[in-house]
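Sequence positions, counted from 1, serve as the residue numbers for this chain.
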Amino acid sequence: MEFLQTNMAPVMFMGLIAFLLLGFPVAFSLGACGLFFGFIGIELGILPEALLQALPLRIFGIMQNETLLAIPFFTLMGLVLERSGMAEDLLDTIGQLFGPVRGGLALAVIFVGALLAATTGVVAASVISMGLISLPIMLRYGYDRRVASGVIAASGTLAQIIPPSLVLIILADQLGRSVGEMYKGAFLPGFMLMGMYVSYVVLVALIRPNWVPALPPQARTLRADNGNSGLPSLLVLTVLSVGASLFFATHIADVHTWWSGELVTAVAKDETIVVSMCVGVTLAFVLSMLNKVTGLGLLSRMAERVTFVLIPPLLLIFLVLGTIFLGVATPTEGGAMGAVGAILMATVRARLNLSLLKQALMSTTRLSCFVVFILIGSTIFSLVFQGVDGSRWVEHLLTGLPGGQIGFLILVNILIFILAFFLDFFELSFIVVPLLAPVAQLLGIDLVWFGVLLAVNMQTSFMHPPFGFALFYLRSVAPAVPYTDRVTKKLIQPITTMQIYWGAVPFVVIQVIMVGLIIAFPGIVSSGLEKKEVYDMDAIRLQMENQMQELDFQDAGPPESNLIEASPDSPGANDDPAAGEAQGFDDPLKDSEQAIVQEKK
C-alpha cells in the first residue's frame, strides 16, 4: 500500500495503457481508469472525497465550449462537398490538365488532396473519394501500385495540417490557445509538406519514368474541336489573374485610404493576401462568365472547365479561412458559414437531395459524439491524475532530460511517433497533449508552435503501417480481386495490402523530415503568427523607482547649511524659469514612456 501511495501517478498511467491494450474503447478506458483509481485514492486517503464533485462542473464546461462547435460544422461542410461530386470534378479536371506530364495523375491527386484538405478537414472523406475516383485511372494507365496507393493516402492526410483541420481545433482547445493562431501557424508547414510530396513524385518521374507514365493522347478528352490542348488561353487567364492580385496587393493601402477617407499607410499581411487572392480569382471567374455568355470563344474548353471547377471551392476557402484570418469571424462562425456555403454549392449544381443531406448529418453526428465522449473520458482521467500529482510527476520526468528544450522536443516527438502506431490523433490529443503542455510552457516553448509541431507528427498516425487509418480507408476501396477495366477491357490485377504499406513508407519519412525542419527552423511556424510586443517589466520598474527617488530627494530640499537667500543680484536669479527643467527636474511619467518606447525598439 505504501508503494501505491507514493507511486500513484505512474501506476495510474500504466493502468491506462493496460486498459487500452485489452482492447476497450478509448473513451470508456479513460473514464473507467479515472474512476477506478479515483475510488482507490479516496479509500487510501490520497484524494479528498470532494474531488469527484468537480466532475459535473467539468462536463458542463465541455458542453459550454463554443470552440468545439467548429468540429461538426467543418465536418458537415466536408462531407457535403465530397458527396456532391466536387472531388470527382476536381480530379477529372486537374488530371486532364497535368495528363501530358509524367506523374501528372499523381500530381493532380496531391493538388486535389490539398484543395480538399482546405475545404473538408476530414481525412476519411479525402482518402476514400480519391481512392474511388483516381485509383482505377492510375491502374488503367500503368502506374506503379505502391506509388499510386502512397500518393492517395498521403495527400488525404494533408487534411490533418492544412486549415481548417480538426486536429488543430482539438489541439488549440487542449493547449488553451486560439484556433485562429493555430491555423496561421500551420498554413506554411502544410503547403511545404505538399511541396515535398510533389518533389518526391517529380523525383520518381525522373528516376523511374515507367512507374508514373503520362496519359496517352486518346485519354486526354478535354480538348478543343481542332484538337488543341487549350493551355495557352489558360496561361493567359492565369497571368491576368495573378497580375491583378499583385497589382491590388501593392495598392491595397491606397484602396483603404479611398474607402475610409483617412490616410492608411500599411495593411496587415493576412488581409493583403486574402483580399488580393479574392480579387484575382473573381477576375478569372468574371472573364470566363463573359466569354461563355457572349460566345466570344476567347477561352478554350480547358480554360473554362478549370475556372468553373476550381473557383467555387477556392471562394469557399477564402470565405472560411479568410474571415478567420482577418478576425471577422471566429472558427465556429467560419465553420458555420462554410457548411452553409457547401450546401448552397451543392444546391446550385443540382446535386443536393434528402438522402445526401441525411448521410452527411448522420456521419457528422457520429464523429462529433465520438469526439465528445473521448473528451469526457479524458476529463475524468485528467482530474484524478492531477489529484495524485501526476502533472508534477510528468514535469519532473521531462524537465530533467539532457539538452533542455531540444532534448524535450526530441523525446516528445519520438513518443508521439511510437504512440501513433496504436492511437489516432483524437486519442493522442486528449491523452498525451494535456500532460506535455505544462512542461513545454515551463521550458519556455511557445504553445502555438508546439501544437503545430505535434500536428505534423500526429499526421504519421494515419500513415503508419500496419495500423494507419488512411491505409485502412484506402484498403476498403482498393480492388482486392482482379477485375476488367471498363475502358480498356484489360484484366487489372488487385492491390495487395503490402503494396499499400510499402507505398506509405516514403511519405512517412517525408513527414518525419518535416518535423525535423520545424524544430531546426522555428520560423516556419512563427513567421505566420503576429509579433507580440514584449516589455521588460523589470527595466520599467527600475526606471520608475529611480524617478521616484529623485522626486523624494527634490521634495526634501538641500541642507540648511547650504541655503543662501536669493537676492535680485544673485547669479541665476533672473535666468530663464525653465532652467530648472534643464537641471534635472524631469517628468517621471515622460521618462517611463520613453523607456517603453526604447523597449519596443
Side-chain angles (χ1 to χ4, degrees), residues 9-10 12-13 16-17 26 30 33-34 54 58 61-62 65 67-68 70-71 160-161 165-186 189 331 371-372 374-401 403-420 423-461 515 518-519 522 525-526 529 532:
M12 185 176 177
F13 189 75
L16 174 62
I17 295 176
V26 175
L30 286 166
C33 185
R58 289 207 170 196
I62 294 172
N65 191 342
T67 302
L68 296 178
I71 294 174
Q160 279 277 96
I161 189 64
S165 163
L166 297 185
V167 68
L168 293 176
I169 298 173
I170 298 295
L171 285 172
D173 177 69
Q174 294 298 301
L175 295 172
R177 291 297 182 266
S178 164
V179 177
E181 288 292 304
M182 201 73 75
Y183 280 178
K184 291 179 182 178
V371 172
V372 171
I374 291 182
L375 183 54
I376 291 174
S378 68
T379 299
I380 298 172
F381 178 83
S382 64
L383 177 65
V384 178
F385 193 71
Q386 291 175 6
V388 297
D389 286 337
S391 57
R392 186 176 301 176
W393 170 69
V394 174
E395 179 183 316
H396 290 166
L397 192 66
L398 296 178
T399 52
L401 294 172
Q405 288 186 358
I406 300 299
F408 167 76
L409 291 172
I410 291 174
L411 179 66
V412 163
N413 281 282
I414 293 174
L415 176 66
I416 294 290
F417 185 82
I418 294 173
L419 290 176
L423 304 174
D424 71 356
F425 73 92
F426 281 124
E427 296 154 358
L428 290 171
S429 300
F430 289 129
I431 298 173
V432 182
V433 173
L435 303 179
L436 300 176
V439 182
Q441 195 166 20
L442 186 66
L443 292 173
I445 298 173
D446 182 73
L447 290 186
V448 174
W449 179 87
F450 187 62
V452 174
L453 176 67
L454 293 183
V456 176
N457 198 335
M458 287 180 191
Q459 200 174 359
T460 61
S461 69
V515 171
I518 293 177
I519 295 176
V525 175
S526 58
L529 304 176
K532 298 179 180 179

Could you walk me through whether Leu375 and Leu68 satisfy the side-chain contact (heavy atoms from CB on, under 4.5 Å) test, starting with their C-alpha distance in whole Å, then the side-chain angles of each, then the deciding distance to 0.1 Å, before giving a yes or no? CA-CA 10 Å; Leu375 183 54; Leu68 296 178; 3.3 Å; yes
For a side-chain contact (heavy atoms from CB on, under 4.5 Å) check, start with the C-alpha distance between Val372 and Ile71, then their side-chain angles and the critical distance, and finish with the verdict. CA-CA 10 Å; Val372 171; Ile71 294 174; over 6 Å; no
Evaluate Val515 against Leu453 for side-chain contact (heavy atoms from CB on, under 4.5 Å), listing each step before the verdict. CA-CA 6 Å; Val515 171; Leu453 176 67; 3.8 Å; yes
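Closest heavy-atom contact between Trp449 and Ile518: CZ2-O, 3.3 Å. When every heavy atom of Ile161 is checked against every heavy atom of Ala455, the shortest pair comes out as CD1-CB, 3.9 Å. A pairwise comparison of heavy atoms in Phe381 and Leu16 identifies CZ-CD2, 3.7 Å as the closest pair. Residues Gln160 and Leu168 share a closest heavy-atom pair of O-CG, 4.3 Å. In terms of heavy-atom proximity, Arg58 sits nearest to Ser382 at NH1-OG, 3.5 Å.
Between Phe385 and Trp393, the angle of the ring planes goes over 60°, which puts this pair in the perpendicular group of the 30/60° scheme.
Taking the side chain as every heavy atom from C-beta outward, Ile431 and Leu30 approach each other to under 4.5 Å. Looking at heavy atoms from C-beta onward, Asn413 lies in side-chain contact with Ile519 at the 4.5 angstrom threshold. The side-chain heavy atoms of Leu409 and Phe450, taken from C-beta on, include a pair separated by under 4.5 Å. Residues Val167 and Leu428 fail the side-chain proximity criterion, which asks for heavy atoms closer than 4.5 Å. Looking only at side-chain heavy atoms (C-beta outward), Leu175 and Val433 come within less than 4.5 Å of each other. Residues Leu454 and Val412 have side chains in contact (heavy-atom distance under 4.5 Å, counting atoms from C-beta outward). Looking only at side-chain heavy atoms (C-beta outward), Pro331 and Ile169 stay at 4.5 Å or farther from each other.
Remark: Phe408 CZ is packed, more than 12 non-hydrogen atoms of other residues, nucleotides or ligands lying under 6.0 Å away.
Taking CE of Met12 as the reference point, atom CD1 of Ile17 lies at 12.5 Å (rounded to 0.5 Å).
Looking at Gln174, its side chain never comes within 3.5 Å of a backbone N or O of Phe430 through a donor-acceptor pair.
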